[in-house]
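Model, not experiment: these values are computed from the prediction.
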Amino acid sequence: MKRKYSWLALMIVFALALSACGGGGGGGSEEQPPATGGTETPSNEQGGQTEETGGEKPELRMLMQYGMFDPATEYTAKFITEATGYKVNYEMLPAENADEKLNLLVANKEEFDIMKLNAAQFYKLATSGALEPIDELLAAHGNHINNAIKPESWESATIDGTRYAIPETGSGIAIGEELVVRQDWMDELGLKTPTNTDELYEVLKTFKEKKNVIPLTGSKDTIMGDIAAAFGVVNEWNEVDGKLVHMAEMPELREFLAYMRKLYEEGLIDPELPINTAAKAIEKFSGGKAAMYKLAWWNAGNTISALNKNFPEAKAAVIPFLKNKDGVAQIGANAGTTWFIAIPKVSKHKEDAMKLLNAKLEPETFKEMAIGKEGIHHEVKDGKYYPILPKFNDDLNNGSNFLTGVDETNYPIYWQARVRKDPILQSYYEEFQKNAEGITVVNPMSFAPPLDAISKNKLKLGQMLNDHMLAIISGAESLDNYDKFLETWRAEGGADSVAQANEWYQSTK
């Protein structure tokens, strides 16, 4: 009998505890300043109690994408709790079969409060009714979010006029790759920097004849870029006469492929291009076996350091973006949303989830999430943010995984601290951006919401096109048969993708 009363007492205490912690879900009515402005006291924004009940803030559960680290031990996770008052339990999707795992979690109604999703995952969950519409939550508790996210970014997370996620747009528009050349060899041979594809051909031909090296190396995954843009194929999607045209259907793509086929036939492109990985191509350039390479700025530190170690007298230079037949240079860039931060329907803490997301975008809190504490993680020199190493790396290397939306005005500025870890990396990044200034064309589909046909077919169609282009360049397929390939590409989802893209595009005008 005594044990029975003990259990009864314990159950009553537990029930009272639950009652004291209640009110953190979607049914509360806490008043907040309007999204357009106003201020909040620190106790309301970041304190340890909820205003409705005076109880402790609930622990929240967040689903992240896969990463090779333990979220619970990360500096950023601890800082978020310290700054917002919310304890968050982080769980990750697996490295393999992530979508299957996500579908299983949703089917089992696992009570996550926040999910960080890719575009395809977001679209599927939003259209199946698994995600909470967030317009009302944003109006009540999203003042910092609404100040941080630009109006055009919200388009990507809006379906049928309703917002279902916070769009995370990343570090802004930046150019990733550009042709680099052995400038010491250029000087030795008396060559001038090429400005168009005809001049590029002559430079590559001279390298082959005079230096007996691979004139231009590259990898199987980076066919497009500088050279394609010089033929008018600037982005995956391009506006032509007011309509969106996928690059697969552009006549200019055939001109580009014919040019690349000519280079390959004449031995001016690495014969192993169709099988090269980026690492293998870098090895050939830094090892003195190739004269030119389309370098990604994030690989510049290792690539140029290896080149200088192997050949102390070597000098690399960036080739400005090539001009088209009209004498105009252009380069494409993607903008838009990288991740979608959603609140599942099953969450019992929808208001608290939004309050946490909002608190993370309070300007000073977000800045510290992005680049840490001044004097400890970063310093300011000439108005620019520089990392303090190794502390910056030790504490913030995985920090971007914890972002749930960014300050779209300031994050591109903060983020550049990451490229200033290495002077070589910094110099190439800044030169690429300078060369692209005024000539960058943003992919017009950048801010489109996830569209069914595109989300479903993008990877498949992209791989089909890439494989076929490599086959044409290497001579395994004839360019004369491209129409036949295009029929297959359209039947496999290309036609539906083009139709949906244009339906959305026309709706924005």
Side-chain angles (χ1 to χ4, degrees), residues 174-182 185 194 197 200-201 203-204 207-208 211 213-231 233-236 247-248 253 256-307 310-311 314 316-319 321-322 331-334 424-425 428-429 431-432 435-436 443 458-477 479:
I175 302 303
E177 298 175 317
E178 195 166 359
L179 288 171
V180 294
V181 66
R182 283 288 299 270
W185 291 352
T197 56
L200 177 65
Y201 170 81
V203 168
L204 295 176
F207 277 136
K208 178 177 173 59
K211 295 297 294 182
V213 295
I214 300 168
L216 172 63
T217 191
S219 72
K220 60 184 178 180
D221 300 318
T222 58
I223 307 170
M224 311 305 289
D226 313 35
I227 301 175
F231 284 92
V233 188
V234 181
N235 286 301
E236 178 186 10
M247 67 179 186
L253 182 67
F256 162 71
L257 291 173
Y259 176 85
M260 295 292 283
R261 174 65 189 142
K262 178 182 178 182
L263 297 186
Y264 193 92
E265 280 182 329
E266 297 185 19
L268 306 184
I269 297 180
D270 189 344
E272 296 182 339
L273 173 73
I275 60 173
N276 274 346
T277 61
K280 188 64 177 177
I282 288 171
E283 180 185 323
K284 292 179 180 181
F285 180 75
S286 62
K289 296 179 180 179
M292 197 177 295
Y293 173 61
K294 188 175 70 172
L295 178 68
W297 62 258
W298 51 88
N299 289 325
N302 293 335
T303 303
I304 303 304
S305 294
L307 175 65
N310 293 331
F311 308 98
V318 178
I319 298 176
F321 296 107
L322 302 172
I331 190 66
N334 287 310
I424 295 175
L425 194 72
Y428 276 83
Y429 172 83
E431 187 169 359
F432 286 10
N435 288 346
N443 186 334
K458 182 178 175 64
L459 292 178
K460 175 183 67 175
L461 293 176
Q463 193 62 54
M464 283 177 60
L465 181 58
N466 199 71
D467 290 346
H468 196 72
M469 288 192 296
L470 282 171
I472 290 173
I473 291 169
S474 64
E477 281 282 353
L479 185 56

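- The distance from the NZ atom of K220 to the CG atom of L470 is 9.0 Å, given to the nearest 0.5 Å.
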Going through the checks in order, is the salt bridge (Lys or Arg N to Asp or Glu O under 4.0 Å) test met by K262 and E265? CA-CA 5 Å; K262 178 182 178 182; E265 280 182 329; over 6 Å; no

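- Rounding to the nearest 0.5 angstrom, the gap separating the OG1 atom in T303 from the CH2 atom in W298 is 11.5 Å.
- Few gaps surround NZ on K211; more than 12 heavy atoms of other groups in view lie less than 6.0 Å from it.
- Scanning all heavy atoms of the two residues, the minimum distance from L273 to I473 falls at CD2-CG2, 4.3 Å.
- Stacking of R182 on the aromatic ring of F207 is not recorded, the 6.0 Å distance cut-off and the 45° axial limit not both being met.
- With a 4.5 Å cut-off on side-chain heavy atoms, I282 and N302 do not count as touching.
- Taking each heavy atom of F311 and S286 in turn, the nearest pair found is CE1-O, 3.7 Å.
- Environment of NZ in K280: sparse, with no more than 12 heavy atoms of neighbouring residues, nucleotides or ligands closer than 6.0 Å.
- Side chain of Y264 to main chain of P271: a donor-acceptor pair is present (N/O by atom type, distance under 3.5 Å, no hydrogens or angles).
- In this structure, CZ on F321 lies 6.0 Å from CG on N435, to the nearest 0.5 angstrom.
- The two atoms that bring T197 and A230 nearest to each other are CG2-CB, 3.8 Å, heavy atoms only.
- A salt bridge is defined here as a Lys NZ or Arg NE, NH1 or NH2 lying under 4.0 Å from an Asp or Glu carboxylate O, and K284 with E272 meets this definition.
- Considering all non-hydrogen atoms of both residues, L425 and W297 come closest at CD1-O, 2.9 Å.
- The distance from the OH atom of Y293 to the CG atom of D270 is 11.0 Å, given to the nearest 0.5 Å.
- Atom-to-atom distance recorded for L479:CG and H468:NE2 is 8.0 Å, nearest 0.5 angstrom.
- Between F231 and Y259, the ring planes lie tilted relative to each other; the angle falls in the 30° to 60° range.
- Between atom CG of residue L179 and atom CG of residue D226 there is a gap of 4.0 Å, rounded to the nearest 0.5 Å.
- Applying the side chain to side chain donor-acceptor pair (under 3.5 Å) criterion to E431, with sequence neighbours excluded, gives no partner residue.
- Shortest non-hydrogen contact noted between P215 and L268 is CB-O, 3.3 Å.
- When all heavy atoms are compared, the tightest approach of N276 to G218 is ND2-O, 3.0 Å.
- Side-chain contact between M260 and I227 is present, with heavy atoms from C-beta onward closer than 4.5 Å.
- Counting heavy atoms from C-beta on, the side chains of L253 and M469 come closer than 4.5 Å.
- Residues E178 and I331 have side chains not in contact (no heavy-atom distance under 4.5 Å, counting atoms from C-beta outward).
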